[in-house]
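Only one structure is covered here, and it is reproduced in the block below.
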Amino acid sequence: MTRVDFYVTTSRQPESRLSVAVRLAEKAYHRGHRVLINADTESNAKTIDDLLWSQKAVSFVPHALMSSTTPEDVTITWGQEPDNHDDVLINLALTAPPWFSRFQRVAEVVSQDPSALAALRDAWRFYRDRGYPLKKHDL
């Protein structure tokens, strides 16, 4: 069964979710996982792509946007259903994608931005009511 982890930041800035997603992707990749980052918009997907390119050389994470034809261990999408990923999903959309349950783990990133916070509380209830194991991590 898919395990769902909520990573809660103290920041009220919506872009803090993107920074946390990049850190989570880097950590998961370096531990040997394949990662799909599901951004809420194409613009945020491109921002995440830029953030991953700007990481230190020693922590570089090979990645690609979903429209790329080269499969990578870290792929960034903005709602498209993945073909070949089922390990770690970092979900930045404010609702769970219909295909989330094919993943071993789902990471939801929570900031203190009021609109995102309300949506992610709903996401917690969504997963909980369906019996998914949940864990909260305060950052």
Side-chain angles (χ1 to χ4, degrees):
M1 176 172 262
T2 302
R3 180 177 129 189
V4 183
D5 294 275
F6 283 77
Y7 294 86
V8 182
T9 71
T10 58
S11 175
R12 294 181 65 87
Q13 303 302 318
E15 59 274 1
S16 68
R17 296 178 72 229
L18 305 182
S19 298
V20 170
V22 166
R23 288 195 334 250
L24 290 173
E26 178 184 354
K27 185 175 180 179
Y29 169 75
H30 287 294
R31 289 186 173 177
H33 294 283
R34 296 194 68 217
V35 180
L36 181 80
I37 302 173
N38 184 45
D40 55 343
T41 65
E42 183 176 2
S43 174
N44 278 343
K46 289 178 179 176
T47 299
I48 292 166
D49 180 47
D50 291 341
L51 288 170
L52 283 166
W53 280 115
S54 66
Q55 297 297 305
K56 297 175 281 189
V58 294
S59 63
F60 176 70
V61 176
H63 65 281
L65 292 170
M66 184 71 158
S67 60
S68 172
T69 57
T70 305
E72 292 288 349
D73 285 338
V74 176
T75 301
I76 308 161
T77 184
W78 51 96
Q80 304 97 319
E81 184 168 354
D83 293 338
N84 56 1
H85 278 274
D86 63 0
D87 191 5
V88 175
L89 167 64
I90 300 172
N91 185 40
L92 295 172
L94 295 178
T95 59
W99 32 263
F100 78 90
S101 63
R102 72 191 271 181
F103 286 83
Q104 300 299 310
R105 291 186 63 187
V106 173
E108 295 279 358
V109 182
V110 182
S111 68
Q112 301 307 305
D113 171 48
S115 61
L117 189 57
L120 289 159
R121 283 183 177 140
D122 290 341
W124 178 279
R125 285 188 289 275
F126 171 84
Y127 293 120
R128 182 198 63 205
D129 293 349
R130 286 157 182 77
Y132 289 96
L134 304 176
K135 189 167 185 182
K136 179 180 171 247
H137 306 271
D138 292 314
L139 304 177

With no hydrogens and no angle check, is any side-chain donor or acceptor of Gln112 less than 3.5 Å from a backbone partner on Thr9? yes
On a heavy-atom basis, which atom in Leu117 and which in Ser111 lie closest, and how many Å separate them? CD1-O, 3.7 Å
Under 4.5 Å between any side-chain heavy atoms of Val106 and Tyr132, yes or no? no
Give, for atom CG of Leu51 and atom NE2 of His63, the distance between the pair rounded to the nearest 0.5 Å. 9.0 Å
Residue pair Val4 / Phe6, side-chain heavy-atom distance below 4.5 Å: yes
Let me check something: do Tyr7 and Val110 share a hydrophobic cluster, defined by ILVMFWY side-chain heavy atoms less than 4.5 Å apart, either directly or through other members? no
Under the side chain to side chain contact (heavy atoms under 4.5 Å, CB included) test against Val109, which residue among Leu139, Leu120, Val20, Asp5 passes? Val20
Donor-acceptor contact present, side-chain Glu81 to main-chain Gly79, <3.5 Å: no
Hydrophobic cluster membership, with links at side-chain heavy-atom distances under 4.5 Å among I/L/V/M/F/W/Y: are Leu36 and Leu92 in one? no
Can you measure from CZ (Arg105) to CZ (Phe100) and round to the nearest 0.5 angstrom? 15.0 Å
To the nearest 0.5 Å, tell me how far Arg128 CZ sits from Leu134 CG. 8.5 Å
What are the two closest non-hydrogen atoms of Thr75 and His85, and how far apart are they? OG1-NE2, 2.9 Å
Quick one: do Ile90 and Val8 end up in the same hydrophobic cluster if we chain Ile, Leu, Val, Met, Phe, Trp and Tyr together by side-chain heavy atoms under 4.5 Å apart? no
Return the CG to CD distance between Asp49 and Glu42, rounded to the nearest 0.5 Å. 11.0 Å
Donor-acceptor pair, distance only, cut-off 3.5 Å: does the side chain of Arg130 make one with the backbone of Phe126? yes
According to a hydrophobic-cluster definition based on side-chain heavy atoms being under 4.5 Å apart (Ile, Leu, Val, Met, Phe, Trp, Tyr only), do Val88 and Ile37 belong together? yes
Between the side chain of Ser16 and the main-chain N/O of Arg12, is any donor-acceptor distance below 3.5 Å? no
Under the salt bridge (charged side-chain N to carboxylate O under 4.0 Å, His left out) criterion, do Asp122 and Arg125 qualify, and how do the steps go? CA-CA 5 Å; Asp122 290 341; Arg125 285 188 289 275; 2.4 Å; yes
Interatomic distance, Asn38 atom CG to Asn44 atom CG [nearest 0.5 angstrom]: 11.0 Å
Has Arg102 got a side-chain atom pairing as donor or acceptor with Pro82's backbone, closer than 3.5 angstrom? yes
Can you name the nearest heavy-atom pair linking Ala45 to Leu65, along with the distance? O-CD2, 3.7 Å
Criterion side-chain contact (heavy atoms from CB on, under 4.5 Å) on Asp40 and Leu94, from CA distance to verdict: CA-CA 7 Å; Asp40 55 343; Leu94 295 178; 5.5 Å; no
Taking the side chain as C-beta and beyond, is there a heavy-atom pair between Val22 and Ile48 under 4.5 Å? yes
Tell me, do Pro62 and Tyr29 make a side-chain contact under 4.5 Å, heavy atoms counted? yes
Short N-O contact, Asp73 and Arg34, less than 4.0 angstrom: yes
Nearest 0.5 Å, please: how far is NE2 in His33 from CZ in Phe103? 13.5 Å
Do Leu89 and Ile76 share a hydrophobic cluster (ILVMFWY, side-chain heavy atoms under 4.5 Å, transitive)? no
I'd like to know if the side chain of Glu108 pairs up with that of Asn91 as donor and acceptor (distance under 3.5 Å, no hydrogens or angles considered). yes
Correct closest heavy-atom pair for Trp99 and Gln80 would be CZ2-O, 3.4 Å
